[in-house]
Undergrad: 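Before we start, here is the structure in question, set down as structure tokens.
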2 protein chains.
Amino acid sequence: MGQSRTLHSIGSVERDTGIGRDTLRVWERRYGFPVPKRNDKGERLYSDEQLRHLQRIRRLMDFGLRPGRLLKLDAVGLDALEAEILSARPAIGEENIRHVLEVVRAHDSVGLEQLLDESYRSQGMEDFILKTVAPLLHAVGEAWAAGEIAVYEEHYLSQQLIHFLHTRLNRQPRPTGSPRILLATLPGELHTLGLLMTLTVLRARGVHAINLGGEVPMDQVKEAARRFQVEAVGLTFSSAYPHHSIRGDIEELRARLPAETQIWVGGEGVWRLRKLPEGVFKFQSLEKLPI
Amino acid sequence: MGQSRTLHSIGSVERDTGIGRDTLRVWERRYGFPVPKRNDKGERLYSDEQLRHLQRIRRLMDFGLRPGRLLKLDAVGLDALEAEILSARPAIGEENIRHVLEVVRAHDSVGLEQLLDESYRSQGMEDFILKTVAPLLHAVGEAWAAGEIAVYEEHYLSQQLIHFLHTRLNRQPRPTGSPRILLATLPGELHTLGLLMTLTVLRARGVHAINLGGEVPMDQVKEAARRFQVEAVGLTFSSAYPHHSIRGDIEELRARLPAETQIWVGGEGVWRLRKLPEGVFKFQSLEKLPI
DNA sequence: TAGCACATTTTGTCCTAGACAAAACAAATT
DNA sequence: AATTTGTTTTGTCTAGGACAAAATGTGCTA
């Protein structure tokens with residue numbers, strides 16, 4: 001029963017958790033977890049349970065918790081910690097958002113689209129993004145931590161939102177003038193929904209934004225900024241983006257772009273960033289876009 | 001002049017080329033390339049030129065060329081090889097597609113949308129995808145190899161296409177019945193445009209398809225297939241997906257899904273795959289979707 | 001109480017050189 | 001032309017150590 005069906009190589013675990021190979025090995029050395037089985041070649045084979053445990057740890061790290069503490073805990077300990085975090089955060093609340101979550105759990109595409117559309121119509125584009133979509137995404141994260149929603153359901157919702165935003169985006173007039181903003185994420189960051197939300201808010205405010213989507217190499221961001229003659233480059237970092245690299249990456253881009261080009265950074269990943277290089281601005285929530 | 005501005009750690013090179021750390025080190029040992037500088041800590045520092053060279057090699061590998069051959073070549077050698085490949089492949093041709101490329105190079109969003117819309121109206125959804133979008137993406141790859149188009153321009157086009165498809169998708173009736181198809185890509189594969197194209201073709205044929213988007217862990221694909229009660233799971237693999245893992249990944253998924261659930265695989269990555277496990281079907285081009 | 005400078009701990013990434021199996025290729029056979 | 005066999009190529013994984021950047025803790029001052 002407790003026996004696992006499939007075993008995972010260190011490479012698959014890296015992919016499925018976002019935790020680097022080297023990190024996994026050094027954790028094993030330092031904290032004594034996870035200690036996987038080995039095949040006859042001596043290679044690590046992680047069980048389903050270990051994979052799941054690592055995914056939970058990863059998720060908790062996104063809340064600012066550090067490995068040294070988390071890796072001491074067993075499954076029960078993680079349960080407790082998750083419960084604690086949930087109680088510390090504002091409850092899901094918002095009748096509206098609870099409804100959406102229920103519809104997602106019911107896998108009802110049509111109902112979902114209707115619900116979104118209602119909110120959109122009553123709130124208008126900008127408030128819809130700020131007061132419905134953004135809190136919804138938070139709520140989904142919490143629901144996952146509470147075991148109420150599956151990862152694939154998050155993907156499902158995400159796709160539905162992407163589709164919804166694209167279609168409504170088209171109904172807004174396309175701004176043509178200045179200022180121009182370039183939106184992208186760096187390689188390693190694949191969460192592009194944030195970009196789309198930003199694009200939508202900007203367009204609702206009549207700002208001309210160009211979205212390059214995810215995983216754009218730095219030199220290409222620079223080149224695009226030059227050729228599109230933008231005044232600012234907007235990057236988003238999800239909580240999944242490796243904490244360590246964020247500041248360095250931003251500084252590197254800052255060094256490459258001309259000083260008159262501003263850099264805006266947003267997303268959950270930059271939440272806890274303190275000091276930023278000159279000419280870099282942070283927007284914690286979309287409301288505070290520096291425009 | 002020839003001096004490089006910025007130096008790249010092995011980690012950044014991995015991210016920007018998709019070539020693994022270990023692979024980079026083993027290439028250096030075996031083929032004597034690339035040999036980066038070192039910092040005082042002894043860590044590798046790759047130059048811009050080396051990075052660019054590796055990106056070109058990576059791209060050529062997508063055409064089926066192997067490292068042993070490619071790593072002997074200098075920049076001039078790569079030039080020759082790229083030229084050879086271009087001449088071997090059908091020329092870009094198609095007045096239509098040349099036009100689109102020009103508009104992309106001019107960064108003209110409005111013109112691009114108009115062009116796409118013209119094709120879409122005259123060809124209908126399915127032919128638009130098969131005879132315009134698919135060849136266009138091929139042509140872009142070639143134009144990149146010929147140095148005629150920048151990577152960021154590919155991203156730009158990609159985003160425009162995604163936006164276009166989402167908006168037109170909405171004009172089609174949403175099929176509700178059977179058969180149901182689940183679409184996704186596995187972790188490591190972020191090229192989701194193929195999924196969207198597949199979704200669009202399927203919907204044009206009245207098939208009910210559910211798109212989970214990119215980077216869905218295998219167990220979640222399985223879970224979603226069960227809960228959505230789909231008859232088939234469709235995966236796409238771009239040429240950027242590590243060749244080595246494709247067969248293994250497909251087999252692993254095959255082993256996890258119940259036998260009555262079919263698996264369809266598509267995309268450039270599966271082009272050269274010969275034998276497939278029982279119950280796995282390949283669609284080389286979208287025209288041959290097994291439905 | 002808040003801000004700042006400094007010391008300590010934690011943490012992720014990178015190093016070397018060797019090993020091995022799976023995939024790709026080439027050659028020979030049915 | 002398709003299948004079997006042998007050979008070469010190739011990517012991924014191993015170990016234990018090292019180091020700097022980030023995060024945290026402590027003491028001092030305004």
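Below, chain A is the first sequence line, B the second, and so on; all start at residue 1.
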Undergrad: Keeping A/Thr185 on the side-chain end and A/Glu215 on the backbone end, is there a donor-acceptor pair under 3.5 Å?
TA: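 Here the side-chain-to-backbone pair exists.
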Undergrad: Can you work out whether B/Val26 or B/Gly42 has the more 5'-proximal nearest nucleotide on DNA chain C?
TA: B/Gly42
Undergrad: C/dG12 P sits how many Å from A/Ile246 CD1, rounded?
TA: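 Rounding to the nearest Å, CD1 of A/Ile246 and P of C/dG12 are 14 Å apart.
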Undergrad: Give a yes or no on whether a salt bridge exists between A/Asp219 and A/Lys222, defined as a side-chain N under 4.0 angstrom from a carboxylate O.
TA: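 The answer is no: the pair does not qualify as a salt bridge.
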Undergrad: Partners of B/His53 by ring pair (Phe, Tyr, Trp, His ring centres under 6.0 Å), sequence neighbours excluded?
TA: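 In terms of ring pair (Phe, Tyr, Trp, His ring centres under 6.0 Å), with neighbours along the sequence ignored, B/His53 is linked to B/Phe33.
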Undergrad: Using whole Å, report how far CE of A/Met61 lies from P of D/dA22.
TA: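 Taking CE of A/Met61 and P of D/dA22, I get 15 Å after rounding.
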Undergrad: Could you work out how much the helix from C/dT1-D/dA30 to C/dT30-D/dA1 bends, comparing the axis of its first five pairs with that of its last five, to 10°?
TA: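 Inter-axis angle at the termini of the helix from C/dT1-D/dA30 to C/dT30-D/dA1: 50°.
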Undergrad: Do the non-hydrogen side-chain atoms of A/Leu70 and A/Leu81 ever get within less than 4.5 Å of each other?
TA: yes
Undergrad: If only side-chain N and O atoms of A/Tyr31 are considered, is one of them under 4.0 Å from the OP1 or OP2 phosphate oxygen of C/dT11?
TA: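 Affirmative; the distance criterion is met.
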Undergrad: Hey, mind stepping through B/Thr198 and B/Trp264 against side-chain contact (heavy atoms from CB on, under 4.5 Å) and telling me if it holds?
TA: CA-CA 11 Å; B/Thr198 313; B/Trp264 301 350; over 6 Å; no
Undergrad: In whole Å, what is the span from the CG atom of A/Asn39 to the P atom of C/dC20?
TA: 12 Å
Undergrad: To the nearest Å, how far apart are B/Ile10 CD1 and C/dC15 C1'?
TA: 9 Å
Undergrad: Is A/His155 close to B/Pro217 at the side-chain level, that is, under 4.5 Å between some pair of heavy atoms?
TA: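 The answer is yes; the side chains approach within 4.5 Å.
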Undergrad: Using the side-chain heavy atoms of A/Trp27, tell me which of these nucleotides is nearest: C/dT16, C/dC14, C/dG12.
TA: C/dG12
Undergrad: Round to the nearest Å and state the distance from B/Glu43 atom CD to D/dA21 atom P.
TA: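 It is 10 Å, rounded to the nearest whole Å.
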Undergrad: So if I take every side-chain heavy atom of B/Arg29 and compare against C/dT16, C/dG18, C/dT10, which nucleotide ends up nearest?
TA: C/dG18
Undergrad: Tell me which residues in residues 13-24 of chain B lie within less than 4.0 Å of DNA chain D, going by non-hydrogen atoms.
TA: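 Contacts with DNA chain D under 4.0 Å: B/Asp22, B/Thr23.
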Undergrad: Side-chain donor or acceptor of A/Arg25 under 3.5 Å from a matching atom on the base of D/dG16?
TA: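 Side chain to base: no pair present.
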Undergrad: Under a 4.5 Å cut-off applied to non-hydrogen side-chain atoms, are B/Leu137 and B/Met197 in contact?
TA: yes
Undergrad: If you measure from CZ on A/Arg256 to CD1 on A/Ile263, what distance do you get to the nearest 0.5 Å?
TA: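 It is 11.0 Å, given to the nearest 0.5 Å.
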Undergrad: With nearest nucleotide decided by heavy atoms, which residue, A/Arg66 or A/Ser9, maps closer to the 5′ end of DNA chain D?
TA: A/Ser9
Undergrad: Are side-chain heavy atoms of B/Ile10 and B/Arg25 found at a separation under 4.5 Å?
TA: yes
Undergrad: Atom NZ of A/Lys41 and atom P of C/dA22: how far apart are they, to the nearest Å?
TA: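 From A/Lys41 NZ to C/dA22 P: 7 Å.
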Undergrad: Once you round it to whole Å, what is the distance between P of C/dT11 and CZ of A/Arg69?
TA: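 Rounded to whole Å, this separation is 12 Å.
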Undergrad: A/His8 has an atom NE2; how far is it from atom P of D/dT12, in whole Å?
TA: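 Computing the A/His8:NE2 to D/dT12:P distance gives 19 Å.
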Undergrad: Between D/dA15, C/dC15, D/dT10, which nucleotide gets closest to the side-chain atoms of A/Arg44?
TA: D/dA15
Undergrad: If you define the side chain from C-beta out and look only at heavy atoms, does anything of B/His8 sit under 4.5 Å from B/Asp48?
TA: yes
Undergrad: What nucleic acid atoms does A/Arg38 come within less than 4.0 Å of, heavy atoms only: base, sugar-phosphate, or nothing?
TA: sugar-phosphate
